[in-house]
Amino acid sequence: MHLELDGHGPLHAQLTRALKSVLAGGGGIEVGRLPATRQLARDLRMSRNTVLAAYEQLRAEGFIAGRVGSGSYVTPSAKEGDPPARSLPETRPPQSAFARRGRRYHQHAQMPGRATPGMRYAFSYGVPYTNPALIDAWSRELTRAAAYTPPAYPMTQGLPALRRAVCDYLARRRGVQALPEDVLVVAGTQQAMSLSARVLLDVGDGAAVEEPHYTAMREVLQMHGARVDTVDVDAQGLRVDRLPDPPPRLVYVTPSHQFPTGVAMSLERRRALLDYASRHDCWIFEDDYDGEFRYDARPLAALRSLDRSGHVIYVGSFSKVLFPSLRLGYLVIPPGLREDYVNAKWQDDFGSPAIEQAAMAGFIGDGGFERHLRRTARALEERRSALLAALHRELGDELDIADSQAGMHLVAWLRRFSPGGVDALIASARQRGVDLYPIAPYYSRPPERGGLLMGFASMSVAEIEQAVQIVAGCLRAMPDELAWPR
């Protein structure tokens with residue numbers, strides 16, 4: 001029997017596909033009987049277990065049937081129809097309106113901020129600070145949680161222990177007063193926005209996002225059919241006076257540390273936004289992605305702490321302050337929306353993984369989480385200071401540094417060069433092993449100046465200083481034709 005494996009996936013799956021093709025065409029099989037598994041394994045130079053697995057799959061799908069003491073035979077239905085195609089089309093027309101919107105608004109292979117392979121240094125942003133102590137502590141919590149977490153489906157809304165721990169933490173650190181029944185555990189901010197789009201918006205409804213903004217949130221809204229407007233941000237945060245008319249159903253904001261500019265929304269703007277939402281009965285999606293980390297004073301209280309009319313949906317993420325692979329976050333929901341959000345979460349995945357939830361509840365409950373936050377804040381402040389000092393020392397005449405007092409990244413604007421110069425600088429730095437990232441992808445309208453997002457959480461102080469020296473050399477070697485016209 002001639003079998004041609006396609007090279008994709010496990011060997012037993014390749015063999016199953018190859019046998020299906022032969023069975024459907026009938027070639028090479030005498031009187032409908034398959035070779036014995038030992039014989040076929042010898043002929044193909046495979047293990048017998050691989051052949052047995054393929055035969056079992058074919059038997060389960062009805063392609064072959066076994067006869068006691070006689071072997072495996074091709075069933076009549078296996079030969080009906082043409083052999084399966086050896087290659088399937090890479091693309092097809094979109095099969096739904098959602099798929100059409102997905103193709104229009106999101107290019108998965110071109111998401112901004114992705115790391116470039118082979119770089120020695122990387123000013124990655126959105127990558128939290130991690131350390132061996134965190135990994136060890138989290139491993140212990142997971143081991144304990146696995147021992148006592150029931151194996152049944154988790155509660156859709158989230159484990160009560162974790163929801164209680166979230167409420168205690170928010171009251172202490174973010175000024176948010178909430179009850180456990182107000183909390184919904186989700187798989188990070190991305191799912192929180194997806195659920196919100198389904199619960200709060202119909203196709204064609206308006207939504208507003210900051211300009212510039214975290215593009216993933218805009219794309220989620222657009223893929224769900226929302227009509228998205230961008231609203232300018234200045235030194236005090238979102239320009240509430242520029243919200244569109246008619247009023248949007250949902251406003252997405254990052255008030256504690258605006259992404260990507262780093263500004264904090266002023267108290268005056270916060271009150272204006274809350275008043276706007278109350279008057280127009282629209283919803284505010286507060287993304288508090290790294291509000292814990294401030295370097296000038298205590299963390300600002302969350303916008304949700306000022307809400308008296310119940311129009312703020314507060315979102316926090318453990319992934320941003322622990323590690324992205326955790327995929328665990330939470331929403332604080334106004335009571336009137338609770339049932340709708342829980343229904344949407346159930347439809348998505350029944351509930352977030354229970355063992356990770358139990359581990360997170362234990363980590364918060366025994367103080368490990370806040371110890372990690374304090375340790376992280378100290379390390380981030382040291383690295384931020386090192387980055388600021390190196391930039392001022394090496395590039396003080398080349399950059400305008402928008403020094404925010406929070407988070408894990410800085411914004412640096414080029415003085416001498418046009419926006420096109422950023423691409424040339426990034427290419428030059430990558431040739432020398434330094435990964436840089438432009439700010440432009442987070443604008444719906446290109447910014448007037450070229451800028452960089454410079455994350456400092458994932459490099460040591462020594463690495464930051466060495467990387468800045470390399471960037472300085474690249475910037476000073478830039479050709480004059482890329483400079484602003486005089």
If you compare all heavy atoms of [X] against all heavy atoms of [Y], which two are closest, and at what distance to 0.1 Å?
| X | Y | answer |
| --- | --- | --- |
| His224 | Val220 | ND1-O, 2.9 Å |
| Ala54 | Leu19 | CB-CD1, 4.3 Å |
| Ala207 | Ala226 | CB-CB, 4.3 Å |
| Tyr437 | Ala115 | OH-CA, 3.7 Å |
| Ser317 | Thr189 | CB-OG1, 3.8 Å |
| Pro94 | Arg103 | CD-NH1, 3.4 Å |

Basic-acidic side-chain contact under 4.0 Å: [X], [Y]:
| X | Y | answer |
| --- | --- | --- |
| Arg120 | Glu463 | no |
| Lys345 | Asp349 | yes |
| Arg338 | Asp182 | yes |
| Glu181 | Arg163 | no |

[Y] versus [X], side-chain donor and acceptor atoms under 3.5 Å:
| X | Y | answer |
| --- | --- | --- |
| Thr254 | Glu210 | yes |
| Asp288 | Tyr314 | yes |
| Arg17 | Gln14 | no |
| Gln222 | Arg104 | no |
| Ser256 | Arg174 | yes |
| Gln347 | Asn343 | no |
| Thr230 | Arg445 | yes |
| Ser196 | Tyr341 | yes |
| Ser96 | Arg100 | no |
| Gln431 | Ser428 | no |

Indicate the ring-plane relationship of [X] and [Y], choosing parallel, tilted or perpendicular according to the 30° and 60° boundaries.
| X | Y | answer |
| --- | --- | --- |
| Phe259 | Tyr125 | tilted |
| His257 | His409 | tilted |
| Phe318 | Tyr330 | tilted |
| Phe285 | Tyr252 | tilted |
| His372 | Phe363 | tilted |

From [X] atom [atom1] to [Y] atom [atom2], the distance as rounded to the nearest 0.5 Å:
| X | Y | atom1 | atom2 | result |
| --- | --- | --- | --- | --- |
| Leu221 | Tyr105 | CG | OH | 11.0 Å |
| Phe123 | Leu410 | CZ | CG | 10.0 Å |
| Glu219 | Met217 | CD | CE | 9.5 Å |
| Met459 | Ser124 | CE | OG | 7.5 Å |
| Met360 | Ile355 | CE | CD1 | 15.5 Å |
| Ile464 | Leu387 | CD1 | CG | 5.5 Å |

Does any N or O in the side chain of [X] come within less than 3.5 Å of the main-chain N or O of [Y], such that one atom is a donor and the other an acceptor?
| X | Y | answer |
| --- | --- | --- |
| Thr156 | Phe350 | yes |
| Gln357 | Gly158 | no |
| Ser319 | Leu328 | yes |
| Arg59 | Ile64 | no |
| Glu356 | Ala354 | no |
| Thr149 | Ala145 | yes |
| Asp229 | Ala208 | no |
| Gln110 | His106 | no |
| Arg218 | Val228 | no |

Is any side-chain heavy atom of [X] closer than 4.5 Å to a side-chain heavy atom of [Y]?
| X | Y | answer |
| --- | --- | --- |
| Ile333 | Val183 | no |
| Arg371 | Asp366 | yes |
| Val471 | Leu436 | yes |
| Leu373 | Phe293 | yes |
| Leu200 | Ile313 | yes |
| Leu331 | Gln191 | no |
| Pro441 | Thr215 | no |

Test salt bridge (Lys or Arg N to Asp or Glu O under 4.0 Å) applied to Lys20 and Glu61, step by step = CA-CA 10 Å; Lys20 284 182 183 178; Glu61 295 183 25; 2.7 Å; yes
message = Just to verify, which of Asp205, Asp348, Asp340 counts as forming a salt bridge (Lys or Arg N to Asp or Glu O under 4.0 Å) with Arg198?
response = Asp348
task = Take Leu425 and Phe417 through the side chain to side chain contact (heavy atoms under 4.5 Å, CB included) test and state the conclusion after the steps.
result = CA-CA 10 Å; Leu425 174 61; Phe417 296 97; over 6 Å; no
request  = Go through Gln157 and Val185 one step at a time and tell me if the side chain to side chain contact (heavy atoms under 4.5 Å, CB included) criterion holds.
outcome  = CA-CA 6 Å; Gln157 191 168 349; Val185 178; over 6 Å; no
Would you indicate whether [X], at its atom [atom1], is surrounded by more than 12 heavy atoms from other residues, nucleotides or ligands within a distance under 6.0 Å?
| X | atom1 | value |
| --- | --- | --- |
| Arg38 | CZ | no |
| Tyr148 | OH | yes |
| Tyr121 | OH | yes |

request  = Go through Gln258 and Thr261 one step at a time and tell me if the side-chain hydrogen bond (donor to acceptor under 3.5 Å, both in side chains) criterion holds.
outcome  = CA-CA 6 Å; Gln258 201 277 332; Thr261 66; 2.6 Å; yes
message = Test side chain to side chain contact (heavy atoms under 4.5 Å, CB included) on Tyr442 and Glu211; report intermediate values, then the result.
response = CA-CA 8 Å; Tyr442 296 104; Glu211 173 68 358; over 6 Å; no
inquiry  = Run Val321 and Thr376 through side chain to side chain contact (heavy atoms under 4.5 Å, CB included) and show every step you take.
reply    = CA-CA 8 Å; Val321 294; Thr376 298; over 6 Å; no
